[in-house]
Amino acid sequence: MIDYRTFRNADPPELRRLWHVCELGRGAATGFDADVFESVVFCQPYFDRAGVILAVDSDRVVGYLHAGFGPNEAQTSLDQHRGIICMVMVDPSYRQRGIGTRLVQLGEEYLLAAGATSVQAGPAAPNDPFYFGIYGGSQPAGFLASDAAADPFFQKLGYVPISQRLVFQRQLQDRSSPGGLRLMGVRRSTELAIPKDPTPRSWWWSTRPGRLDSLEMALVAKSGGTTLASVTVVGLDFYVARWQQRGIGLMDLWVGEQFRRKGYGQALLVEVCRRVREEMISLAEAHTDAQDSAAIKVLKSAGFTQIDTGTVYHKPLPTRLVIRSPGESGSPDATTETFLP
C-alpha cells in the first residue's frame with residue numbers, strides 16, 4: 001500500500017536515491033551527495049516542507065513532488081498567487097499505478113490552499129524557486145524534452161504548454177571562433193572586463209543563482225570605458241559527473257539599447273568563451289525564450305547550437321476544490337477535507 005506524507009528531515013538520502021534512479025536526462029545533474037539538496041532546495045528561506053509530498057511504500061520513497069511559489073513583481077518576497085510544480089518523479093518500477101497523478105493532485109491542492117490563483121508546471125525564470133544548478137542546466141527551463149516522460153505525463157493530466165525555452169551549448173575544445181569583418185572591428189575597439197559596479201541583484205536572484213559561483217563580465221569600449229554589453233557567468237559544478245566535463249552557464253545577457261545589432265552581443269559571448277577556456281572550462285550553455293529571435297541569432301552567431309527544449313505548462317484552475325491533506329503520514333483516503341470556494 002502506498003502512503004502519502006510530507007517531508008521529514010531524514011528524507012534527503014532517499015530523495016537523492018530516487019533522483020538518480022529516475023534518470024531525468026541530460027539536463028539533470030547526477031553523482032551528487034544528499035547535502036546538495038540542502039544547498040539548492042532545503043536551505044531556501046521560503047522552503048515549506050508541506051510543499052514536498054512523498055509517496056512511500058513501507059520505508060521506501062517511491063515518488064515525490066515539490067511545489068512552491070514565484071516572486072512578487074519587485075522580487076522582494078514570494079507571491080503565493082503564483083503556484084509552481086517544480087519537480088515530480090516516480091521510481092520506474094512503480095510507474096503506471098497512478099502514483100504520479102496522485103502526487104500532482106496533492107501538489108495542486110497544497111498550492112490552492114496556500115492562495116495560488118494559477119498553477120504552472122515546470123520551473124522557469126522568474127518562477128523557479130528550487131533546483132537551480134541541478135535541473136535545467138544553466139538555469140531551470142521548464143521540463144526538458146530530454147526528460148522524455150515529462151511531456152506526455154503533464155499533457156495527460158490536462159496541462160497545456162504555454163511557453164518554451166531553447167537550450168544552447170558550445171563545446172570549447174574546438175578553438176575555432178566565429179569570424180567576419182564586423183566582429184574583427186568590434187574586438188579591436190573593445191575589451192572584456194569585470195565591472196567595478198556590478199548590476200544590483202534582487203533578493204530573489206540571491207536565493208537562486210546567487211547560491212552558486214557567479215561572476216558578471218562586460219564588454220567595454222577601450223576608449224571611454226562605456227559598458228556595451230554584459231552577461232553573468234554561473235558555475236555548473238554539479239554537472240561534472242553528468243557531462244564528464246566542466247561547464248559554465250551564461251545568464252542575463254544584456255546589450256545596451258543603442259548598441260544593439262552592431263555585433264557587441266556576439267563579441268561578448270565569443271570573448272567570454274575564450275576567457276573561460278583558459279580556466280579549463282570546456283562547455284558553455286545558455287538559454288533563451290523560443291520567441292526571442294534576436295537572442296537566438298546572437299547565440300548562433302557566437303557558435304552555440306541548440307541541444308534541448310524546455311516547456312512550461314499551465315492548467316486552468318477549478319472554481320471549487322476539495323482539499324484532502326496527506327498530513328504527516330497516512331494514506332490520502334483517511335484525511336481531513338477543506339472546501340475552497
Spacing of [X] atom [atom1] and [Y] atom [atom2] [to the nearest 0.5 Å]:
X	Y	atom1	atom2	result
R275	L192	CZ	CG	4.5 Å
D289	L166	CG	CG	7.5 Å
Y313	I85	OH	CD1	12.0 Å
L253	T288	CG	OG1	8.5 Å
Y131	L24	OH	CG	10.5 Å
C22	R95	SG	CZ	5.0 Å

Take atom [atom1] in [X]; do more than 12 heavy atoms of anything else shown fall under 6.0 Å from it?
X	atom1	answer
Q258	CD	yes
Q173	CD	yes
K156	NZ	no
H81	NE2	no
D213	CG	no

Heavy-atom check, side chain of [X] versus side chain of [Y], under 4.5 Å:
X	Y	result
L283	Q171	yes
V186	K262	no
E285	Y239	no
V298	F304	no
I2	Y94	yes
R165	Q139	no
W203	T207	yes
L54	L15	yes

Counting only N and O atoms by type, is there a donor-acceptor contact under 3.5 Å from the side chain of [X] to the main-chain atoms of [Y]?
X	Y	result
K222	E191	no
D11	R8	yes
N72	T76	yes
E271	L219	no
R187	A267	no
Q244	A241	yes
R208	D128	yes
Q266	S301	yes
H287	G136	yes
R277	L172	yes

**Report entry** Qualifying residue for side chain to side chain donor-acceptor pair (under 3.5 Å) with Q105, from E108, R102, E109
**Finding:**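 Running side chain to side chain donor-acceptor pair (under 3.5 Å) over E108, R102, E109 with Q105 returns exactly one hit, R102.
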Should [X] and [Y] be counted in the same cluster of Ile, Leu, Val, Met, Phe, Trp and Tyr side chains packed under 4.5 Å apart?
X	Y	value
W19	V104	yes
I84	L103	no
V270	V220	no
L269	M251	no
V233	L236	no

Requested in this report: Assess whether ring pair (Phe, Tyr, Trp, His ring centres under 6.0 Å) is satisfied between F69 and Y46, documenting all intermediate values.
Outcome: CA-CA 9 Å; F69 301 92; Y46 42 80; 9.5 Å; no
Report task. Check each of Y135, Y159, F153 against F143 using the side chain to side chain contact (heavy atoms under 4.5 Å, CB included) test, and report the only one that passes. Result ->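 The side chain to side chain contact (heavy atoms under 4.5 Å, CB included) with F143 is passed solely by Y135 among Y135, Y159, F153.
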Test item: side-chain donor near acceptor, [X] and [Y], under 3.5 Å:
X	Y	result
S214	R201	no
R211	Q44	yes
T6	R49	yes

For [X] and [Y], which heavy atoms make the closest approach, and how far apart are they?
X	Y	answer
Y4	A55	CE2-CB, 3.8 Å
E14	D59	OE1-O, 4.1 Å
Q75	P126	NE2-CB, 3.7 Å
A286	L299	CB-CD2, 3.7 Å
A67	G107	CB-O, 4.3 Å
P195	A193	CD-O, 3.7 Å

Query raised in the report: Could you walk me through whether H314 and V160 pass the side-chain contact (heavy atoms from CB on, under 4.5 Å) check?
Result: CA-CA 5 Å; H314 175 265; V160 178; 5.6 Å; no
Query raised in the report: Given V52 and F130, is the side-chain contact (heavy atoms from CB on, under 4.5 Å) satisfied, shown in steps?
Result: CA-CA 11 Å; V52 179; F130 302 104; over 6 Å; no
Query raised in the report: Checking side-chain contact (heavy atoms from CB on, under 4.5 Å) for the pair V167/L144: CA distance, chi angles, key distance, verdict?
Result: CA-CA 9 Å; V167 180; L144 298 171; 4.2 Å; yes
Query raised in the report: Going by an N to O cut-off under 4.0 Å, is there a salt bridge joining E23 and R242?
Result: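 Salt bridge between E23 and R242, a charged N being under 4.0 Å from a carboxylate O: yes.
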Query raised in the report: Is there a side-chain contact (heavy atoms from CB on, under 4.5 Å) between F42 and N9 once you walk through the steps?
Result: CA-CA 10 Å; F42 306 135; N9 289 341; over 6 Å; no
Report task. Could you check R17 against D91 for salt bridge (Lys or Arg N to Asp or Glu O under 4.0 Å), going step by step and ending with a plain yes or no? Result -> CA-CA 10 Å; R17 180 197 58 77; D91 187 311; 3.7 Å; yes
Query - Member of F47, Y64, F37 meeting the ring-ring contact (aromatic ring centres under 6.0 Å, His included) criterion with F7 - result: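 Filter result, single survivor: F47.
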